[in-house]
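Below: one structure, written as structure tokens.
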Protein chains: 2
Amino acid sequence: MKIGEFSKKSGCSIQTIRYYEREGLLLNPNRSEGNFRLYDSKALKQLEFVKHCRSLDISLNDTKRLLELKNKPEESCSSVNALIDQQLALVNKRMKELRALKAELQQMASACGSNNTIEACGIIKSLDS
Amino acid sequence: MKIGEFSKKSGCSIQTIRYYEREGLLLNPNRSEGNFRLYDSKALKQLEFVKHCRSLDISLNDTKRLLELKNKPEESCSSVNALIDQQLALVNKRMKELRALKAELQQMASACGSNNTIEACGIIKSLDS
DNA sequence: CTTGACTCTATAGTTACTATAGGATTTATA
DNA sequence: TATAAATCCTATAGTAACTATAGAGTCAAG
Ligand SMILES: [Zn+2]
Ligand SMILES: [Zn+2]
Ligand SMILES: [Zn+2]
Ligand SMILES: [Zn+2]
């Protein structure tokens, strides 16, 4: 299939597909006579793997590492496990940060019950301190 | 004070200060004879306002809007309130996403109890499906 | 044989910084 | 006073993960 169909089947934009190729997350596909990219179902599987990683907020760099590991079936998977643990730690850290943000934003929102002048706005006051 | 002291007092890197100036978040400071930037305590207050906004993940664009509003004390603060509400909605959305991420990552982590070969790794399997 | 849909490469834009390179200026030391 | 060190200046490029053009080539249908 050509890149248009590949894009629709994968739900990835054409530009993103070409970007992933440049970044080494997709193998260089075969080309037609007119230089069009030609994909098969194996390429689709690989792209879906990448999308799955991205949906977990795994960086493209780490995704690339996972793809490389995937091609060494007999090696130990300890670095895979470490990578996921690290990703989990990242998510936990960000959640903690967001909880703090949320608390302060809520407090600020309640500091300005309704419409005031800017001069009297509790939000501006709290941002100013 | 010159930019070095300003940077230390504010906890903002020198490059970031210059960047904020370029982006219109800090007024163009007076210059010394040798063209060095000179700051006063008013500039420091403004930078602290910006930092407070950023610590709440408010974008530089929105921060700029807040600064502009701050200079119109007699206007209604309804857009300030709206901005904070929107920020809160954003935080809530991201928290929801992160909870889903966390759940899937945890499930994946538990799918590979300990060291396996990559071939047998539950994490790789789950990323592949 | 021309129109239109599709594809190609190369390049620039996005956000919020960070990091140089290559000079100029000021301050401290010998 | 000469020079070295610290500080400052502008301009430019890099970061992550895309997105959006511009300008040209390819291909199928009418
Ligand atoms: Zn999944
Ligand atoms: Zn208000
Ligand atoms: Zn605060
Ligand atoms: Zn494993």
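Reminder, nothing fancy here: chain letters follow the sequence lines and each chain counts from 1. Below, all heavy atoms of this structure are taken into account, side chains as well, without hydrogens, waters or symmetry copies.
A donor-acceptor distance shorter than 3.5 angstrom exists from the side chain of B:Thr63 to the backbone of B:Ser59, with no hydrogens or angles considered.
Here the straight-line distance linking atom CG of A:Leu127 with atom CD1 of B:Ile84 works out to 5.5 Å at 0.5 Å rounding. Taking CG of B:Asn81 as the reference point, atom CD of B:Gln86 lies at 12.5 Å (rounded to 0.5 Å). How far OG of B:Ser10 is from CD of B:Gln46: 12.5 Å, rounded to the nearest 0.5 Å.
Environment of CD in A:Glu97: crowded, with over 12 heavy atoms of neighbouring residues, nucleotides or ligands closer than 6.0 Å. In B:Gln107, the CD atom is not crowded: 12 or fewer heavy atoms of neighbouring residues, nucleotides or ligands sit closer than 6.0 Å.
Cation-pi geometry between A:Lys70 and A:Phe49 is met: under 6.0 angstrom from the ring centre, within 45 degrees of the axis.
Legend: residues meeting side-chain contact (heavy atoms from CB on, under 4.5 Å) with A:Tyr20, ordered by chain and number and at least two apart, are A:Cys12, A:Thr16, A:Leu25, A:Leu26, A:Leu47, A:Val50, A:Arg54, A:Leu60.
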Dump the pairs, protein N or O against N or O of nucleotides 26-30 of chain D, anything under 3.5 Å, distances to one decimal.
{"from": "D:dC27", "atom 1": "OP1", "to": "A:Gly34", "atom 2": "N", "distance (Å)": "3.3"}

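Extent of DNA chain C lying under 4.0 Å from chain B heavy atoms, first and last nucleotide in 5' to 3' order, is C:dA16 to C:dT26.
Note on B:Arg37: a side-chain N or O is less than 4.0 Å away from OP1 or OP2 of D:dC9. Side-chain N/O atoms of A:Arg54 include none lying less than 4.0 angstrom from OP1 or OP2 on D:dA16.
For the segment residues 55-70 of chain B, residues with any heavy atom less than 4.0 angstrom from an atom of DNA chain C are, sorted by number, B:Ser59, B:Leu60. Of the residues in residues 6-21 of chain B, those with a non-hydrogen atom less than 4.0 angstrom from any atom of DNA chain C are B:Ser13, B:Gln15, B:Thr16, B:Tyr19, B:Tyr20.
Contact record, A:Pro29 with A:Leu38: CB-O, 3.5 Å, taken as the closest heavy-atom pair.
Overall, the helix from C:dC1-D:dG30 to C:dA30-D:dT1 carries an axis bend of 30° between its ends, with five pairs at each end and the value rounded to 10°.
Using a cutoff of 4.0 Å between basic side-chain nitrogens and carboxylate oxygens, A:Arg65 and A:Asp62 are scored as salt-bridged.
The same ILVMFWY cluster, assembled from side-chain heavy atoms under 4.5 Å apart, contains both B:Leu44 and B:Leu67. In the hydrophobic clustering of ILVMFWY residues, with side-chain heavy atoms under 4.5 Å counting as a link, B:Leu98 and A:Leu56 come out together.
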